[in-house]
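What you see is a predicted model, and the numbers here were worked out from it, not measured in a lab.
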Amino acid sequence: MSADLPQTFGRYQVIKLLGSGMQGETFLADDGSGREVAIKTIHSSQVGQSKTHRALDKEVVALSAVNPAFVPKFIESNSTGERPYYVMEYIQGTTVDGLIAERGQLTDVQVQRLAIRLAASLVAMHSVGVAHGDFRGQNLIVGTDGGIYVLDFGRAELRTDSRHEFYKRRQSDLRQFGELIVRARNGRGPFGEDSSLAIERYNEGRPDLGALSGRTRHVAAELLRRHPMRRGPDAKRVYRVLLYGRRARRRVWLGTPSSLSE
């Protein structure tokens, strides 16, 4: 183990660093019984900064509010120690970005399955007042159990803190979802790779949906269209359309569709 890594967090023995970002660091650790867990903490240089401590507390509230069918299960937190942290289930698997990179382009059926499961995740978060704020493929992991889980709530917004910011982040989640399913089907984003052209297409609401078809195409077109005079569709509407078509009126059901690999 590197001398720079912490040895323990409470009863948890650190194994290795999993990742580091602006919001903090995540470690793989052993809980003392042989079970591996993930521990998120702030950077050592930010200890004592009240803003950073509050941000970690917000992550705990967000993660623990969402049904663990869609996120790593929250285990416990410690905000009173010198370096606050929280502990969650460690999920092994491949990120959605990694899956797309490996396969290049997903088939229509695979994208349909992916879209339904990701939309269910958005319903699960938004319905309890949590907007993720960074709903990209690198923060979505396809677990070895076949589930898809949302990671990293460092940019999450809570409806109880600010309804305005929550709704802004909620719309951002949906737009990023639309961009992701276009990229999954085509191997590229909806606004092109050339930065100047991408900005122009984005501002004009002219996405290139490529080979995307059927319900996923309709949903992506609606989510990536600019809505200057009205709010776009919410996650429940998106989920219903993906399951039942545009005229869907049925009750939302958060079941688990077939495996992407089938």
Output all residues satisfying ring pair (Phe, Tyr, Trp, His ring centres under 6.0 Å) with [X], sequence neighbours left out; order by chain, then residue number.
X      : value
Phe177 : none
Tyr90  : none
Tyr12  : none

Is the backbone of Ala211 close enough, under 3.5 Å, to the side chain of Asn186 for a donor and an acceptor to pair up by distance?
yes
Glu89 meets the salt bridge (charged side-chain N to carboxylate O under 4.0 Å, His left out) criterion, sequence neighbours left out, with none
Answer yes if the side chains of [X] and [Y] hold a donor-acceptor pair under 3.5 Å, and no otherwise.
X      : Y      : result
His126 : Asp234 : no
Ser33  : Asp31  : yes
Glu76  : Tyr86  : no

Quiz item: When you check the gap from the basic side-chain N to the acidic O, do Arg35 and Asp30 get nearer than 4.0 Å?
Solution: no
Going by an N to O cut-off under 4.0 Å, is there a salt bridge joining Glu25 and Arg83?
->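 Between Arg83 and Glu25 there is a salt bridge, with a charged N closer than 4.0 Å to a carboxylate O.
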| request: Please step through side-chain contact (heavy atoms from CB on, under 4.5 Å) for the pair Phe135 and Leu140, ending with a clear verdict. | output: CA-CA 8 Å; Phe135 199 75; Leu140 301 163; 3.7 Å; yes
Restricting to pairs with a member in residues 152-161, which pass side chain to side chain donor-acceptor pair (under 3.5 Å), not counting sequence neighbours?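 Listed once each, the pairs are Lys58-Glu157.
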Item to complete: Keeping to residues at least two apart or across chains, list the side chain to side chain donor-acceptor pair (under 3.5 Å) pairs with something in residues 129-141.
Response: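 Residue pairs passing side chain to side chain donor-acceptor pair (under 3.5 Å), neighbours aside: Asp134-Arg136, Asp134-Asn139.
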Please assess Phe27 against Tyr85 for the test ring pair (Phe, Tyr, Trp, His ring centres under 6.0 Å), listing each intermediate value before the final yes or no. CA-CA 10 Å; Phe27 296 93; Tyr85 64 89; over 10 Å; no
**Asked** Can you get from Val130 to Leu56 by hopping between Ile, Leu, Val, Met, Phe, Trp and Tyr side chains that sit under 4.5 Å apart?
**Response**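 Looking at the clustering, Leu56 is in the same group as Val130.
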How long is the straight-line distance from CD of Gln105 back to CZ of Arg183, given to the nearest 0.5 Å?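 Answer for the CZ-CD pair, Arg183 versus Gln105, is 12.0 Å.
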